[in-house]
Amino acid sequence: MTQSVVVQVGQCGNQIGCCFWDLALREHAAVNQKGIYDEAISSFFRNAILIDMEEGVVNEILQGPLRDVFDTNQLITDISGSGNNWAVGHKVFGSLYQDQILEKLRKSAEQCDCLQCFFIIHSMGGGTGSGLGTFLLKMLEDEFPEVYRFVTSIYPSDEDDVITSPYNSILAMKELNEHADCVLPIDNQSLFDIISKIDLMVNSGKLGTTVKPKSLVTSSSGALKKCHKKPFDAMNNIVANLLLNLTSSARFEGSLNMDLSEISMNLVPFPRLHYLVASLTPLYTLADVSIPPRRLDQMFSDAFSKDHQLLRADPKHSLYLACALMVRGNVQISDLRRNIERLKPSLQFVSWNQEGWKTSLCSIPPVGHSHSLLALANNTCVKPTFMELKERYMRLYKKKAHLHHYLQVEGMEESCFTEAVSSLSALIQEYNQLDATKNMPVQDLPRLSIAV
Amino acid sequence: MSIVTVQLGQCGNQIGFEVFDALLRDSHSSQGLCSKRENEAYQTSCKERFFSEEENGVPIARAVLVDMEPKVINQTLSKAAQSGQWKYGKHACFCQKQGSGNNWAYGYSVHGPRHEESIMNLIQKEVEKCDSFSGFFIIMSMAGGTGSGLGAFVTQNLQDQYPNSLKMNQIIWPYGTGEVWTYTICKNLFFFFTGDLMEHLVAHPEFKMLSVRNIPHMSENSLAYSTFTWAGLLKHLRQMLISNAKMEEGIDWQVRPPLSGLPPLGKMSLSKDLHFNTSIANLVILRGKDVQSADVEGFKDPALYTSWLEPVNAFNVWKTQRAFSKYEKSAVLVSNSQFLVKPLDMIVKKAWNMFASKAYIHQYTKFGIEEEDFLDSFTLLEQVIASYCNL
């Protein structure tokens, strides 16, 4: 079995991280009746590292029911926080805590039999998650070049409560472009929309159907921690579910396993285009036990609808470079193939990857569901998100608003900003070039001709 | 005359298991119409080739199992042990934890050199156990990372270390061809490593792609209710050869060999469906009742072949009364012909489109495989395709 190390950075990162651990324990408890902390989960989640530059969130974790899962050796905290300033997170706390972080990472890695992947969870809009989180990336690349770096990044929505989030995000993007192997961009707005949709369905009492209580992707009922009803609880649960499904193949048996390294290998044809849009279905399970094929097919169709994406994006109307389908539960390979064939005509794949599908089957479904599907799309539909981010950034930067907070940090110069923006522009340009090929007829390129 | 099998990667190991299992079951099956003495000779020789004996009489497969992740090897070992009839050697496996991530370059450039010594030692031990070692049978798939990449590395090493022994690579292509490979493989292995015949089948180093077809294809349940004649079987087999059919069903009977004296109608075009499959050499293996009466004249027609070899050398037939498993009569065709050109061409086309768009290249260059290496491979394959097309 291969192992991963989860590194949760900043307020958002730690809150999501905790939801994730909570769900993971619940899942393994359901599968393994003997004990909560079984071998499979302990070997997989052996080493989590929690980093925050203010104490509030981490303290809460240590007082809650998850206190037995973590010990103080896994924490790095400070008091004052990064003040929503990427420069403080990256330059100040980066250099301050570099050695400590490195030491903890090395210890974690040593305890792993076969370390395959680092999962980093953070947000882009703040200071710690964004700045320190991305500082980590370069460190991981230098220290552990053979270990994959998967990053789950929460992008700011339009009405973000942090004014300087565009600066923080753009500065962080440059690091993601250069040092991450795979990024799963997620935005709060999409999560919020998904929750609203679920609430609507659950409360509408349509057709007299009832939703199975434990199946809500947003619920933490029956979980180790009390149901807090905090504002982001439900949204964090969705992201936690995403991570759970992503790692299911490594944690459980299945007829068609997918290694995390295979995700990177198959879904990333060009090094910088490593942004994967995720969608999770179903969002809830109705009470009827049998799964008629129509419902199963609906699950596949939903995975491609823009309402189920965890980013505001519409993959159906953009161009696919590659797509991964990770199925859990009692689903046959023939169902998988049938649905791919059915949906193919309505999707556009780049000309040299018309059959760019990577699939996996894990026999254990998530708690409360009989089956589920996680789709990861490397698709040009991420482009609008990046373009909007750039626009918001330019509006602030043109007026030089709040810039002095950054420039007064040692090591920060205006060139950091200009380089970050060009990195983003170059990325957008790469997507543009691919989009330009979208409606062109598929042509085979001229082959080598051999003198016989 | 023993053969050492090297099973590489998930596919190689799963298929390898089926091969040994089928071999042993065939060896234990009813003796057909040959005499008891003939049958015993067959059984002994089959066992000797593929298995070695242990004290308690359980045959041990002459095999080395290699994979970069443990799951499949563990399953394979336990399945064999569960059969009670045979098993793999206790120390015959080499295994790691992490896999090759579907990356040929990783299998070839990272795993290969890293584990070269351990793997080659295991193989050497197995070879030393053979009284009379004749060659290697290497099973691997082409589409993944371990079978494909590490498989290539190991094959190269075997070529360097054992230059005079025969090596046969059984490769599984990325899409299914719907054949029952294991039965075919079994039938052939028994005869394969006789030097002369290999020389004729593979007359020219540029032409070494062999394809295998076997008939009849039947579910075991229907076998009891069917009877075959040699004439019928051979007629079908010959048409399968000429019309490039993969299976007995859907044979195109319209394809005919060119009239003698005239060259085939135009060079083989990859787009035409109706074309005639020219052979360099063929080998037909017949097993079962009344095999001596089987008439293979149809395969000796010079119109089927290129003009390079004398007809007497271009075609060979082996016959044995000893039936294969439950089949009263069965026939196998091993052919060096244009059978594989179309599938090969399809793969090269897809790969070239990807390569020309520079897709995924960085995943390979980061492990030391450069663009020139890709170009070399493409050039070689285009040459093979062109050569076979121009037969």
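Just so it is clear, the structure is predicted and the values come from calculations on it, not from any experiment.
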Peer 1: Heavy-atom distances under 4.5 Å only: say whether B:Tyr364 touches chain A with side chain, backbone, both or neither.
Peer 2: side chain

Peer 1: If you count heavy atoms of other groups shown closer than 6.0 angstrom to NZ of A:Lys107, is the number above 12?
Peer 2: no

Peer 1: Top residue by heavy-atom pair count (under 4.5 Å) with chain B, among A:Pro446, A:Ser449, A:Ala322?
Peer 2: A:Pro446

Peer 1: So which of B:Gly99, B:Ser357, B:Ala356, B:Ser100 has the largest heavy-atom pair count under 4.5 angstrom toward chain A?
Peer 2: B:Ser357

Peer 1: Quick check on A:Leu115 against chain B: is it the side chain, the backbone, both or neither that has a heavy atom closer than 4.5 Å?
Peer 2: backbone

Peer 1: If you measure from CZ on A:Arg272 to NE2 on B:His362, what distance do you get to the nearest 0.5 Å?
Peer 2: 12.0 Å

Peer 1: Which pair of heavy atoms, one from A:Ser264 and one from B:Gln363, lies closest together, and at what distance?
Peer 2: O-NE2, 2.9 Å

Peer 1: Assess the residue pair B:Asn353 and A:Gln354 against the criterion (side-chain contact (heavy atoms from CB on, under 4.5 Å)); give the C-alpha distance rounded to whole Å, side-chain angles, the decisive distance to 0.1 Å, and a yes or no.
Peer 2: CA-CA 11 Å; B:Asn353 281 338; A:Gln354 296 278 303; over 6 Å; no

Peer 1: Should the heavy atoms of other residues, nucleotides or ligands under 6.0 Å from CZ of A:Arg337 be counted, would the total exceed 12?
Peer 2: no

Peer 1: Which atoms form the tightest heavy-atom contact between B:Gly101 and A:Ser261, and what is the distance?
Peer 2: CA-OG, 3.6 Å

Peer 1: Looking at A:Trp352 and B:Trp352, would you say the former's side chain and the latter's main chain have a donor-acceptor pair under 3.5 Å?
Peer 2: no

Peer 1: Can a donor-acceptor pair be found, under 3.5 Å and without considering hydrogens, that links the side chain of B:Tyr360 to the backbone of A:Met265?
Peer 2: no

Peer 1: So, taking the atom named CG in B:Asn103 and the one named CG in A:Asn266, what distance separates them when rounded to the nearest 0.5 Å?
Peer 2: 9.5 Å

Peer 1: Give, as side chain, backbone, both or neither, the part of B:Tyr106 having an atom under 4.5 angstrom from any heavy atom of chain A.
Peer 2: side chain

Peer 1: Just so I understand: if I count every heavy-atom pair under 4.5 Å between each of B:Lys349, B:Glu69, B:Met354 and chain A, which residue has the most?
Peer 2: B:Lys349

Peer 1: Can you tell me if B:Glu117 has over 12 outside heavy atoms packed within less than 6.0 Å of its CD?
Peer 2: no

Peer 1: If you compare all heavy atoms of B:Asp345 against all heavy atoms of A:Arg447, which two are closest, and at what distance to 0.1 Å?
Peer 2: OD1-NH2, 2.8 Å

Peer 1: What heavy-atom pair brings A:Leu448 and B:Leu375 nearest, and what distance separates the two atoms?
Peer 2: CD1-O, 4.5 Å

Peer 1: Between B:Thr379 and chain A, with a heavy-atom cut-off of 4.5 Å, which part of the residue counts as in contact: side chain, backbone, both or neither?
Peer 2: both

